Novice: 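Please read through the structure below; I'll follow up with questions.
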2 protein chains.
Amino acid sequence: MPESIPADSVGLVSPSTLHIDDPLKLDCGRVLPHYDLVYETYGELNAEHSNAVLICHALSGDHHAAGFHTMEDRKPGWWDTAIGPGKAIDTNRFFVVSVNNLGGCKGSTGPNTINPETGELYGPDFPIVTVSDWVRSQAMLADKLQITQWAAVIGGSLGGMQALQWAISLPERVRHTVVIAAAPKLSAQNIAFNEVARTAIKSDPDFHDGYYMAQNTLPRQGLGLARMLGHITYLSDEAMGEKFGRELRSGAIQFGYDVEFQIESYLRYQSTSFVERFDANTYLLMTKALDYFDPAKEFDDDLTATVANIKAKSLIISFTSDWRFSPVRSREIVNAMLAAGKSVSYAEIEAHQGHDAFLMPIPRYLEIFASYMQQVANEGENR
Amino acid sequence: MPESIPADSVGLVSPSTLHIDDPLKLDCGRVLPHYDLVYETYGELNAEHSNAVLICHALSGDHHAAGFHTMEDRKPGWWDTAIGPGKAIDTNRFFVVSVNNLGGCKGSTGPNTINPETGELYGPDFPIVTVSDWVRSQAMLADKLQITQWAAVIGGSLGGMQALQWAISLPERVRHTVVIAAAPKLSAQNIAFNEVARTAIKSDPDFHDGYYMAQNTLPRQGLGLARMLGHITYLSDEAMGEKFGRELRSGAIQFGYDVEFQIESYLRYQSTSFVERFDANTYLLMTKALDYFDPAKEFDDDLTATVANIKAKSLIISFTSDWRFSPVRSREIVNAMLAAGKSVSYAEIEAHQGHDAFLMPIPRYLEIFASYMQQVANEGENR
């Protein structure tokens, strides 16, 4: 828990819920007759409504991106390194909106909310949503908040894909996109890791075809395995080596199958803490949203054509040791934007933390990010 | 099945079993009172017994490295690309010995053989064996075959670690080592992948703490997951992309959780075929042998000191796209050998196939390998 709220924190925050009664037609063909979106805001919307930025979350993220819900919170929101007064996304200048995506498990309509057609939890019957579906639902939130155009849509990893999709789908509504540690689509290896995670969850006997809540249980082993595996892909080999090396928990080799190395202990801890706070059906659908993301598919796999209608300026950031979405993948986006004559800045940050680097307080990364966002803010004020 | 035996094949082969009655003291402190080693040989041992080479297998390998057991075999032994008349390991010149390691599941004493103390299968009570244990047991086989000194000990991946350990533990008995796609020890990331695989196996309800045979079942899901995950680490991102890309099995996205992408289908197939031919307890102990391998541990983590007593000349080979044991890890071995004044050759092969490259017919790799082995053979004949 914070003894006191740090000066560069947004402080105590609380989520809001927007109930949307307009039906949402999803890419899968199904329609959500109505839905809730849970979101947080930090900073103040200016009179012109020109200083709003949207934060899009990644696979296991949610709307709580910055600040604390209570003085008892052990940790702030997931992107507190980047959001706050004087930080890269400066809440003295921006009105920051952060939303829990549809299909999530932190309050927005998803597998753990009631299906109005049955009066029961959606569970596995919740439709698979796509990045485009999220953009459409987030646009409904923007409408409600009277934000005609975002100063910036920003995200890392799957969040970066949403930022890119915003610029493609609704070019008039985005002045800037910041796409961090992302890719224009998943590689076969990326999909393969997701499939192992899904197989682990689905083969857990406590999964019950997704109806585990009705059985009053959770697929702890399967979701835990998925999380362990995820963690390996979020960290670099180097970062793991620095953090854990080959250290043994008890000093000597045990010649048994219990946890022996520190890295095993860490993964076990990550796994058991995750299963208590995250929903397995949500995990499944988030991995599918990742697998399906491929905006160039509608443009004959031509990424340059895909970004041709973008009006937003872009900042693309990658990290050298990220092997989940390596710099090569970010450069694909950059090259397409350059080929299409778009305004794009690109920063490849020397960092050993792997994919997770986008959440870390890496000075050069946050300096470049802050510098770009200051331009965005200045532009907004000079409009 | 081969319609006819190719001219460069060792042809039809059959395994032999050596029963060893001398107790083997293992690194874990336990003693195997007696044990069997199943092995195959290809080529002829010369009068001087100077042309024998030992092939060491990797995690899921066995003694059947080359040729066919029957005319109905769909595929030859696992290293048929490298072993045969006129091949890199030329059976016209070498007497090749390939052994199923202790703890294996293809006939050598291991979890699926009878524990003489109980009259039941060893199952999970089979001791965890180390790379050093394997070297000691393989030395017993060498004694039996009257091979005082191997012309070469050769292996890829975990097999390469055995080759390296042979040169360290029994320097008088090895003239050459060929260490391919290996590492001097596992990284934290390598251990992490192994731990996810072990957790998958152990958490399968059909695992029954390892006594699944007694329950007349197999931990298919867990072992299958382990294999899926293993496969991802054996292939490069690039190789997976070339082979599978983002191709869908049925052309269109299904918006469901069944297998959709070709890569998913491939992993599923690899997984289901593997569980019928490999034992879960063996898989567990093989991963532990990998995790524990760290010959420098006894030398204050000084790899140069570790290799100081080696008498063998060495060829070290790595592959550019191998991210399981990358070229950097092979170079650690090379650098230590150079620092210790040893005779070492090193080839870093441009290859996109990832870790599995060591099993593939890559011309430059096999040329360099063959050229080295010809020198080994010439040396043996001139002794």
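Because the structure is predicted, anything quoted here is derived from the model rather than measured. In what follows, chains carry the letters A, B, and so on, assigned in the order in which the sequence lines appear, proteins first and then strands, with residues in each chain numbered from 1.
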Novice: Side chain, backbone, both or neither: which part of B/I128 has an atom under 4.5 Å from a heavy atom of chain A?
Specialist: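 Both parts, backbone and side chain.
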
Novice: Run the side chain to side chain contact (heavy atoms under 4.5 Å, CB included) check on B/D206 and B/Q221 step by step: do they pass?
Specialist: CA-CA 8 Å; B/D206 286 329; B/Q221 293 290 354; over 6 Å; no

Novice: Which bit of A/S326 comes within less than 4.5 Å of chain B, counting heavy atoms only: side chain, backbone, both or neither?
Specialist: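 Neither part; nothing is under 4.5 Å.
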
Novice: Side chains of B/E260 and A/Y292: donor-acceptor distance under 3.5 Å anywhere?
Specialist: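 The criterion, which ignores hydrogens and geometry beyond distance, is satisfied for A/Y292 and B/E260.
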
Novice: Which bit of A/E264 comes within less than 4.5 Å of chain B, counting heavy atoms only: side chain, backbone, both or neither?
Specialist: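 Its backbone and side chain both get close to chain B.
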
Novice: For A/H355 and A/T233, which I'm curious about, is there any donor-acceptor pair between the side chains at under 3.5 Å?
Specialist: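 No - no donor-acceptor pair under 3.5 Å links their side chains.
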
Novice: Please list, chain by chain and in numerical order, all residues satisfying side chain to side chain donor-acceptor pair (under 3.5 Å) with A/E276, sequence neighbours excluded.
Specialist: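 Checked A/E276 against side chain to side chain donor-acceptor pair (under 3.5 Å); matches are A/R220.
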
Novice: Side chain, backbone, both or neither: which part of A/N194 has a heavy atom under 4.5 Å from chain B?
Specialist: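 Nothing of A/N194, per the 4.5 Å heavy-atom cut-off to chain B.
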
Novice: Answer with side chain, backbone, both or neither: which region of A/I201 has an atom nearer than 4.5 Å to a non-hydrogen atom of chain B?
Specialist: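 No part of A/I201 comes within 4.5 Å of chain B.
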
Novice: Is B/L267 close to chain A through its backbone or its side chain, or both, or neither, when contacts mean heavy atoms under 4.5 Å?
Specialist: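 Side chain only.
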
Novice: Which atoms of B/N281 are under 4.5 Å from chain A, going by heavy atoms: the side chain, the backbone, both sets, or neither?
Specialist: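 Answer is backbone: N, CA, C or O of B/N281 sit under 4.5 Å from chain A.
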
Novice: Contact part of B/L26 toward chain A, heavy-atom cut-off under 4.5 Å: side chain, backbone, both or neither?
Specialist: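 Neither part.
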
Novice: Show your reasoning for whether ring pair (Phe, Tyr, Trp, His ring centres under 6.0 Å) applies to B/H231 and B/F274.
Specialist: CA-CA 11 Å; B/H231 254 281; B/F274 186 68; 8.3 Å; no

Novice: Distance only, no hydrogens: is a donor on one side chain within 3.5 Å (strictly under) of an acceptor on the other, for B/Y257 and A/D209?
Specialist: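 No pair is found: no donor N or O on one side chain lies under 3.5 Å from an acceptor on the other.
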
Novice: By a 4.5 Å heavy-atom criterion (distance strictly below it), what part of A/K202 contacts chain B: side chain, backbone, both, or neither?
Specialist: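 Side chain of A/K202 only, per the 4.5 Å heavy-atom cut-off to chain B.
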
Novice: Checking heavy atoms, do the side chain of B/R30, its backbone, both or neither come under 4.5 Å from chain A?
Specialist: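 Neither part, no heavy atoms under 4.5 Å.
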
Novice: Measure A/F193 against the heavy atoms of chain B and call it side chain, backbone, both or neither at under 4.5 Å.
Specialist: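 Its backbone and side chain both get close to chain B.
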
Novice: Hey, what do you get for CD1 (A/I232) to CG (B/N190), rounding to the nearest 0.5 Å?
Specialist: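 With rounding to 0.5 Å, CD1 (A/I232) is 10.0 Å from CG (B/N190).
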
Novice: Identify which part of B/D27 has an atom lying under 4.5 Å from any heavy atom of chain A, answering side chain, backbone, both or neither.
Specialist: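 Both backbone and side chain.
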
